[in-house]
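Quick caveat: nothing in here was measured; it's all calculated off a predicted structure.
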Amino acid sequence: MNRLVQVAIALLTLLGGPNSTSAAPPDPSPVIVIQNATILTVTKGTIEHGSILIKDGKIAEVGSSVKAPKDATVIDAEGKFVTPGIIDCHSHIAIEGSVNEGSISVSSIANTADVLNSDDIDIYRDLAGGVTTANILHGSANSIGGQTVVIKLRWGQPASKLPFEGALPGIKFALGENPKRSNFSVPGQPKRYPATRMGVEETIRAAFTEARDYKNSWDAYNKKVSGGDKTALPPRHDLRLDPLVEVLEGKRYVHSHCYREDEILMLLRVAKEFAFKVRTFQHVLEGYKVADELAAAGVGASTFSDWWAYKVEAYDAIPYNAALMTKRGVLVSVNSDDAEEATHLNQEAAKSMKFGGLTHDEALRLVTINPAIQLGIDKRVGSIEVGKDADLVIYNHDPLSAYAVVQKTLVDGRVLFDRDKDIAGRATLENEKKDLIAKEKAAAKKPEEKSKRPDEKKPEEKPKPPSEEQSAVSANGGAQ
Amino acid sequence: MRLATLVTAAFCLFCFSAPAQTPQAAATYAITHAKIFTLAGSMIDDGTLIIKDGKIAAVGASVEVPAGAQVIDGKGLQVYPGLFDAVTQMGLSEISAVSSTVDSSETGNFNPDVVAATAVSPSSEHIPVTRASGITEVLAVPASGGFDSSGSRAVLGGQATAFSLAGWTMDDMQIKRSVAMVINFPTIQTRSFDVATFTRKERPYAEAKQEYERNLNELTDWIERARHYAQAIGHGGPSDFERDVKLEALAPVVRGQLPVLVFADRARDIRNAVEFCDKQKLKMILAGGVEAYKVKELLRSKNIPVVLRPVLTLPVDEDDPYDRLLSQPAELARAGVKFALGSFDNSFARRLGQNAANASAYGLSQDDALKSVTLYPAQIFGIADQVGTLETGKLANVIVTNGDPLELTSEVKYLFIKGLLTSTDNKHKRLFEKYSKRPKP
């Protein structure tokens with residue numbers, strides 16, 4: 001069955017885009033002109049009947065009169081809308097296996113970048129929802145969780161090609177019920193420290209106290225070496241503390257899962273004590289209660305549109321959160337935390353127009369330039385500007401509507417999702433699948449073949465379990 | 001998060017505040033010069049709707065405004081029947097992770113006698129939040145989700161209740177106490193997700209099949225005993241036999257008076273359920289129906305309606321088309337299968353309109369999209385004489401909006417529930433207003 005699925009995915013890839021099959025980046029990238037579109041640039045206003053010229057994976061020209069070079073592929077977007085690719089500041093797609101190293105409450109040694117799975121079908125599904133960049137986070141089981149990585153949704157490329165070049169790595173922190181393990185228990189196992197918000201603070205303080213000492217010992221060593229001391233012994237490397245030192249040195253972003261106002265202020269205090277910056281608060285459902293403090297600290301807030309009441313710390317969550325924080329000067333994004341939610345982040349952003357009165361532009365920023373700034377990649381993505389990566393989405397309607405359907409998604413100037421091609425390819429896929437199943441069945445009938453795979457069960461004996469994400473949603477409101 | 005957990009007395013902090021839903025005293029209302037979408041005939045471009053004694057008294061292009069009526073100028077506004085969320089745990093579950101606030105799922109496998117109406121909390125904060133999105137009535141469905149202390153989903157889950165989303169007590173709110181008997185149709189499941197330990201569990205196929213057969217046999221046994229019981233009631237006096245509350249609850253089911261709302265998602269499970277209900281002569285409504293498209297001909301030929309899960313759900317199989325659930329309503333409509341949409345939730349109930357709009361974006365007609373969250377659920381659950389369209393004599397569950405009620409940015413300007421002008425105030429608005437006014441520190 002797995003083999004069938006893999007073949008099916010490979011086929012899907014083949015049909016998903018003209019250049020998505022080869023493992024190496026196809027070179028040179030096509031010259032494309034998108035014409036007659038309503039272009040929502042996000043940073044430079046809206047251009048009616050505008051065109052975008054794409055060369056070498058970048059946006060070469062944008063305007064109402066762009067000349068299409070002879071060799072260019074023309075995409076006629078008459079009546080359609082183009083936006084920058086959607087950026088999801090909180091995602092768990094493309095992770096092989098579990099998202100949580102849940103054994104210890106400081107798991108900074110673990111790294112999502114090490115377990116990227118470029119075959120995850122959710123990459124394609126999210127592309128089909130217009131997502132082009134995602135912040136891939138460790139789960140929220142631990143006060144200090146694993147390291148995180150920003151990826152581009154380069155469907156068809158190997159895992160090594162997914163990371164966003166030059167994007168600063170991050171680390172996941174988590175506050176409140178999840179690191180407390182309030183809603184989880186393993187029978188027969190003792191409760192893990194920390195089990196209170198007080199303990200969560202001290203877990204983080206203890207880790208950074210260690211990291212500070214560790215850093216001092218390295219600084220002292222480096223000073224000796226640069227002073228000409230050839231006998232100096234280097235401190236022993238500590239893989240758990242190295243990422244925390246990077247946080248102290250501003251080389252790694254802190255993305256902290258949180259809900260309640262008190263724990264938000266707690267982490268700001270701890271960050272101040274150890275002189276590091278929190279880059280974003282994630283979920284931050286009570287962020288609206290301490291919006292001024294968030295704005296003053298200059299931290300980003302990445303929240304849900306309208307999730308609430310799935311646990312106590314989400315009971316004061318309001319759909320006005322993004323708008324209220326925005327109006328108080330916080331840099332806000334709307335994220336998914338879930339492979340399905342990611343497919344309609346444009347719609348989730350639109351809700352802030354109704355709940356809190358953001359403008360069309362402000363709402364669109366929540367899923368484009370704002371998360372780009374939060375992830376430190378705004379020089380390359382997040383808006384439609386000359387020189388930026390050609391990560392674009394073509395919708396059939398205003399993207400801030402529940403009736404908008406993604407027609408095409410481009411990453412680095414390549415069409416990686418095309419709705420027409422996807423639909424046109426389905427019959428072929430279905431036939432391929434039938435053939436493969438027939439072959440498997442025929443093979444299973446031959447006794448010698450069967451003996452080669454004694455462990456293989458019949459497909460119907462293995463109903464598919466919910467995916468990690470679906471489990472997380474059904475069991476945890478997705479808030480991992 | 002629907003995790004069972006212990007709570008302390010501290011959670012009394014979250015005991016629900018008094019109804020902010022105080023409806024105004026009954027009056028006669030006239031909504032004039034509005035675009036009226038009755039959903040029972042064509043749209044009225046410049047019409048009047050009269051609400052009197054909790055009911056729709058008149059609707060049309062040339063309707064007289066009665067003396068003494070409060071007039072609402074509907075110029076530039078649109079009038080629709082309120083939306084109907086066909087599967088929720090409304091009032092049965094407040095904070096899904098906190099078991100003491102959850103009454104949606106009784107322990108044990110066969111509870112035909114439990115009734116949602118009994119445990120719906122009229123003061124739930126979910127009710128005003130949900131109605132502010134234009135939903136005026138819901139079905140509260142036991143054993144349809146949410147976790148009780150056992151986390152179980154009973155095979156015979158109990159009786160679903162239809163009610164309006166405003167009122168002082170359940171007696172005020174109730175539209176129909178028992179509209180369907182819930183059956184979670186047995187499935188062969190080798191894998192499960194244990195929420196207490198947050199781990200996956202696996203067991204041998206033989207064991208899963210054994211449990212499936214045991215559950216199915218027990219379910220069959222319950223229905224057959226209920227049939228005998230119903231016959232006995234029909235023939236003898238009450239003194240002739242021992243009464244049994246569970247069998248008594250099943251009597252209307254085996255008599256064909258009360259439909260069964262059967263939860264099943266995979267094609268095989270749906271087929272099994274249809275076969276079972278056919279054999280037992282039960283009136284079946286399918287709930288869930290993720291793979292209903294695979295058995296659409298069967299559903300159409302047997303005239304079985306479906307309450308579909310949110311279309312904003314990922315496909316179940318990796319190699320399904322990415323828009324499998326989004327395009328399903330359109331496919332079912334083309335095949336002539338009757339369906340409604342439900343949120344299957346509380347917190348996400350207000351996404352009902354968004355889901356219907358998405359179904360429309362993927363091919364369902366706008367008319368069907370609207371009706372799948374108004375008229376169709378009313379018809380499916382046999383209460384279309386009371387709700388679902390704007391027709392004289394029906395309950396005045398009416399919304400007045402500034403746009404398409406399924407669109408993300410549309411607002412409900414006036415909300416009538418059972419003819420009472422009802423506030424759209426709710427916990428979320430109050431917190432927003434409170435913290436909008438927070439002075440700068």
Undergrad: Chain A heavy atoms under 4.5 Å from B:T187: which part of the residue, side chain, backbone, both or neither?
TA: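 Neither part.
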
Undergrad: Go through the atoms of B:K429 and report whether side chain, backbone, both or neither lie under 4.5 Å from a heavy atom of chain A.
TA: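 Both backbone and side chain of B:K429 come within 4.5 Å of chain A.
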
Undergrad: Using a 4.5 Å cut-off on heavy atoms from C-beta on, say whether the side chain of B:S96 contacts that of A:K311.
TA: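 No - every pair of side-chain heavy atoms lies 4.5 Å or more apart.
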
Undergrad: By a 4.5 Å heavy-atom criterion (distance strictly below it), what part of A:E341 contacts chain B: side chain, backbone, both, or neither?
TA: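 Only the side chain of A:E341 comes within 4.5 Å of chain B.
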
Undergrad: Any idea which of A:A350, A:A363, A:P319 has the most non-hydrogen atom pairs under 4.5 angstrom with chain B?
TA: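 Answer, by heavy-atom pair count under 4.5 Å with chain B: A:P319.
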
Undergrad: With respect to chain A, which residue among B:E411, B:K209, B:K440 yields the maximal number of heavy-atom pairs within a distance under 4.5 Å?
TA: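 Among the listed options, the one with the most contacts to chain A is B:K440.
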
Undergrad: Can you tell me how far CG of B:N358 sits from OH of A:Y403, rounded to the nearest 0.5 angstrom?
TA: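 The OH atom of A:Y403 sits 9.0 Å away from the CG atom of B:N358.
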
Undergrad: For the residue pair A:W307 and B:F348, categorise the inter-ring angle as parallel (less than 30°), tilted (30 to 60°) or perpendicular (more than 60°).
TA: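 Perpendicular.
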
Undergrad: If you count heavy-atom pairs within less than 4.5 Å of chain B, which of A:R328, A:H344, A:H397 leads?
TA: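 Ranked by contacts with chain B, first place is A:R328.
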
Undergrad: Please classify the contact of B:E433 with chain A as side chain, backbone, both or neither, using a heavy-atom distance under 4.5 Å.
TA: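 Contact with chain A involves no heavy atom of B:E433 at all.
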
Undergrad: As a quick check of understanding, evaluate ring pair (Phe, Tyr, Trp, His ring centres under 6.0 Å) for B:Y435 and A:Y320, giving each step before the final call.
TA: CA-CA 10 Å; B:Y435 284 93; A:Y320 305 87; over 10 Å; no

Undergrad: Just how far is it from atom OH of A:Y288 to atom CG of B:L431, taken to the nearest 0.5 Å?
TA: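 Going from OH on A:Y288 over to CG on B:L431, the span is 4.0 Å.
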
Undergrad: If you apply the rule side chain to side chain donor-acceptor pair (under 3.5 Å), what do you find for B:T313 with A:E340, and how did you get there?
TA: CA-CA 6 Å; B:T313 302; A:E340 193 284 322; over 6 Å; no

Undergrad: Quick one: does any side-chain atom of B:K427 pair with a main-chain N or O of A:Y315 as donor and acceptor, under 3.5 Å?
TA: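 Such a contact is found between B:K427 side chain and A:Y315 backbone.
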
Undergrad: For the side chain of B:R438 and the backbone of A:K289, is there at least one donor-acceptor N/O pair under 3.5 Å apart?
TA: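 Yes; judged by distance alone, with no hydrogens or angles, the pair exists.
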
Undergrad: Could you measure the distance from the OH atom of B:Y322 to the OG1 atom of A:T343? Nearest 0.5 Å is fine.
TA: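 Atom-to-atom, B:Y322:OH and A:T343:OG1 are 10.0 Å apart.
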
Undergrad: Which heavy atom of B:I95 sits nearest a heavy atom of A:V312, and at what distance?
TA: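 What the structure gives for the nearest pair is CG2-N, 3.5 Å.
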
Undergrad: Mind checking which of residues 351-358 of chain A sit less than 4.5 Å from chain B, heavy atom to heavy atom?
TA: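 When heavy atoms of chain B are the reference, residues 351-358 of chain A contributes A:K351, A:M353, A:K354, A:G356 within the under-4.5 Å range.
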
Undergrad: For B:P310, is it the side chain, the backbone, both or neither that has a heavy atom under 4.5 Å from a heavy atom of chain A?
TA: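 B:P310 has no heavy atom closer than 4.5 Å to chain A.
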
Undergrad: Mark yes or no for whether B:R350, through its side chain, and A:D306, through its backbone, hold a donor-acceptor pair below 3.5 Å.
TA: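 Judged by distance alone, yes, a pair lies under 3.5 Å.
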
Undergrad: Using side chain to side chain contact (heavy atoms under 4.5 Å, CB included) as the criterion, point out the one residue from A:I318, A:N321, A:D316 that pairs with B:H428.
TA: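 Output: one option passes, namely A:I318.
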
Undergrad: Mind checking what makes ring-ring contact (aromatic ring centres under 6.0 Å, His included) contact with B:H126, not counting sequence neighbours?
TA: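 With sequence neighbours excluded, B:H126 shows a ring-ring contact (aromatic ring centres under 6.0 Å, His included) to A:W308, given in chain and number order.
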
Undergrad: Walk me through whether B:R351 and A:E348 qualify under salt bridge (charged side-chain N to carboxylate O under 4.0 Å, His left out).
TA: CA-CA 10 Å; B:R351 289 189 175 187; A:E348 300 316 306; 2.9 Å; yes

Undergrad: Side chains of B:S436 and A:K327: does their closest heavy-atom pair fall under 4.5 Å?
TA: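 When only atoms from C-beta onward are counted, A:K327 and B:S436 do not touch, as no gap falls below 4.5 Å.
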
Undergrad: What part of B:N355 is in contact with chain A, defined as an atom under 4.5 angstrom from a non-hydrogen atom: side chain, backbone, both or neither?
TA: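 For B:N355, there is no contact with chain A at all, as no heavy atom is under 4.5 Å.
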
Undergrad: Counting only heavy atoms not in B:Q210 (residues, nucleotides, ligands), do more than 12 fall under 6.0 Å from its CD?
TA: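 No, CD of B:Q210 has 12 or fewer neighbouring heavy atoms, counting only those of other groups under 6.0 Å.
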
Undergrad: Using heavy-atom distances under 4.5 Å, tell me whether A:A323 contacts chain B through its side chain, its backbone, both, or neither.
TA: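 Neither part.
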
Undergrad: Only one of B:D320, B:D323, B:D319 forms a salt bridge (charged side-chain N to carboxylate O under 4.0 Å, His left out) with A:R426, so which one is it?
TA: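 Answer to the salt bridge (charged side-chain N to carboxylate O under 4.0 Å, His left out) test with A:R426 among B:D320, B:D323, B:D319: B:D323.
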
Undergrad: If you take all heavy atoms of B:L408 and A:A402, which pair is closest and at what distance?
TA: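 Residues B:L408 and A:A402, closest heavy atoms: CD1-N, 3.6 Å.
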
Undergrad: At their closest point, which heavy atom of B:L314 faces which heavy atom of A:A339, and how far apart are they?
TA: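 In terms of heavy atoms, the two residues are closest at CD1-CB, 3.8 Å.
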
